Asker: 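To start, I am sharing the structure in question, which I have written as structure tokens.
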Amino acid sequence: MDDTRKAMTVDSLRAELGAWLSGNWDPDLPLLEWRTRLVAAGWAAPSWPTRWHGRGLPAWADEVVAAELRAFGAVGPPVGVATGLAGPTILEHGPDGLRERFLLPILTGKETWCQLFSEPGAGSDLAGLTTRADLDGDEWVINGQKVWNTSAHHADFGLLVARSNWDAAKHRGLTYFVIPMRQPGIVVRPLRQMNGHASFNEVFLDDARLPRDNVVGSIGDGWAVARTTLAHERRFGALRFDGHGSASGRAIEEAGAEIREVFAPYVWYPQRAGRVDLLVDRARALGRDQDPVVRQEIARVLTLQRVSAWTADRARANRAAGKAPGAEGSIGKLALSVVARAAARAHSLIAGASSLLAGADAPLDGVVTEVVLSVPAQSIAGGTDEIQKNILGERVLGLPREPEIDLERPFRELPRNG
Ligand SMILES: Cc1cc2nc3c(=O)[nH]c(=O)nc-3n(C[C@H](O)[C@H](O)[C@H](O)COP(=O)(O)OP(=O)(O)OC[C@H]3O[C@@H](n4cnc5c(N)ncnc54)[C@H](O)[C@@H]3O)c2cc1C
């Protein structure tokens, strides 16, 4: 670590960014022009290397900078699959050609992304996927089906894991690609969820094509690259979409439109995390705050949430120390599921049968019903609770691994779904 980085403190970082924002934040700029300015100064991804649009700062700087941008009322980089998954994965595994082509438009929000991992026969058992990739001259040809792909209906690019070698063992025949989504070989069909939203899709790949060099990492190394994406996904938690109060200006209006159009698939994500923040007010508003059972249940949720926040702090401290996201990510994700489910139970207890209503009669304009219907997603997306427990058991507690058969046999010889 050089002297500049050693001397950097939260206060000095805030002061430096504040001074920069005073001279540069202009709410009347077009959004893309503002974000291009933000990226050029390294503030969109401060922990990324300077060569790749960052400032080479420790990981803790990202959160400090994001909070400071919010406090200043300035628009930050976009959220979602592009900056949360695509950027970190391409940054870590390269090659440089893909870093040069994709990292800048990821940070400015000019291009949007989706994740094409899960298949009808491969979710938890992701390494068993059967979408195939065949090299044909200067292009890869892709055939298969993906499912549950958030935002695929308006994505420019997809993070695709496909099988490029059927004679290699299960985990060694996979390659990780960047695929252009807007092409004749790709059909995207939205799926309607029980909470009324249509966040994700099924994606059919029928002789879809991508350039030969659009391989993240190297051919056959797709499993290791996918694990990087999954480790980042465990940190997703509840995405926040901040408005800018009464402030106005072109950049702010365009950022608002971006949330309504591009990030609409995520509007229910705060609800899927349980909306613990509403519990006490809801109990007071309905006169349930003196009920000992309700009080006990709320206390339980708040306690779980506090403990979960400490776990997140530990994960943050590890990241700040330069460690890759690891087992504490699984603990944190599991904790979020436990809190979400407990919060939904408490909301139901407070609201009673009305938590099942939809439409104008539903409590809090439907937010409580949406919590009840959305929390199951928290226990599935990004790896189910059971899979997180397996990871914890095997990698943290050192318990015997689940019996894994056929690790060495060619994949084409294995019995499989579908
Ligand atoms: C909100 C949301 C967004 C999503 N977004 C995306 C996306 O953008 N891109 C994408 O590719 N996917 C996405 N997914 C899909 C998600 O990754 C999968 O649903 C998840 O990995 C589980 O896979 P599955 O649905 O096939 O269930 P299965 O793997 O079939 O699991 C069924 C049940 O069996 C249990 N189980 C399976 N294997 C084991 C085991 N070894 N030990 C113990 N229990 C086990 C599971 O825990 C689960 O309860 C999303 C899902 C949700 C809910």
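It should be emphasised that the depicted structure is a prediction, and the values quoted were computed from it without experimental measurement. All ligand and atom numbering here is 1-based and tracks the order in the structure.
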Asker: Show me the donor-acceptor pairs, under 3.5 Å and distance only, between side chains in residues 359-371 and residues at least two apart or in other chains.
Answerer:
| residue | atom | partner | partner atom | Å |
| --- | --- | --- | --- | --- |
| Thr369 | OG1 | Ser355 | O | 3.4 |
| Thr369 | OG1 | Leu357 | O | 2.6 |
| Glu370 | OE1 | His197 | NE2 | 3.2 |
| Glu370 | OE2 | Gln271 | NE2 | 2.9 |

Asker: Students should be able to answer this: which protein heavy-atom is nearest to atom 36 (N) of ligand 1, and at what distance?
Answerer: Ser124 OG, 4.3 Å
Asker: Looking at Trp223, does the NZ or CZ of Arg172 lie under 6.0 angstrom from its six-membered ring centre and within 45 degrees of the ring axis?
Answerer: no
Asker: For atom 43 (C) of ligand 1, find the nearest protein heavy atom and state the residue, atom name and distance (0.1 Å precision).
Answerer: Glu386 CB, 3.7 Å
Asker: Indicate yes or no: does an N/O atom of Glu119 lie under 3.5 Å from an N/O atom of ligand 1?
Answerer: no
Asker: Consider every N or O of Trp268 and every N or O of ligand 1, then say whether any pair is closer than 3.5 Å.
Answerer: no
Asker: Which residue and atom name correspond to the protein heavy atom nearest atom 9 (N) of ligand 1, and how close is it?
Answerer: Gln115 O, 2.8 Å
Asker: Looking only at distance, does Ser118 have an N or O less than 3.5 Å from an N or O of ligand 1?
Answerer: yes
Asker: Using a 4.0 Å cutoff against the non-hydrogen atoms of Thr384, which atoms of ligand 1 qualify?
Answerer: 22 (C), 46 (C), 47 (O)
Asker: How would you list, by chain and number, every residue that makes a side chain to side chain contact (heavy atoms under 4.5 Å, CB included) with Arg300, sequence neighbours excluded?
Answerer: Glu297, Leu304, Ala342, Arg345
Asker: At what distance is the nearest protein heavy atom to atom 20 (C) of ligand 1, and which residue and atom is it?
Answerer: Ile380 O, 3.7 Å
Asker: Give the residue, atom name and distance (to 0.1 Å) of the protein heavy atom nearest atom 41 (N) of ligand 1.
Answerer: Glu402 OE2, 3.1 Å
Asker: I need the atoms of ligand 1 closer than 4.0 Å to a non-hydrogen atom of Asn149, numbered in the order shown.
Answerer: 7 (C), 8 (O), 9 (N), 10 (C), 11 (O)
Asker: Look only at interatomic distance and state if Phe117 has a nitrogen or oxygen under 3.5 Å from any nitrogen or oxygen of ligand 1.
Answerer: yes
Asker: For atom 24 (P) of ligand 1, what's the nearest protein heavy-atom neighbour? Residue, atom name and distance, please.
Answerer: Gly123 CA, 4.0 Å
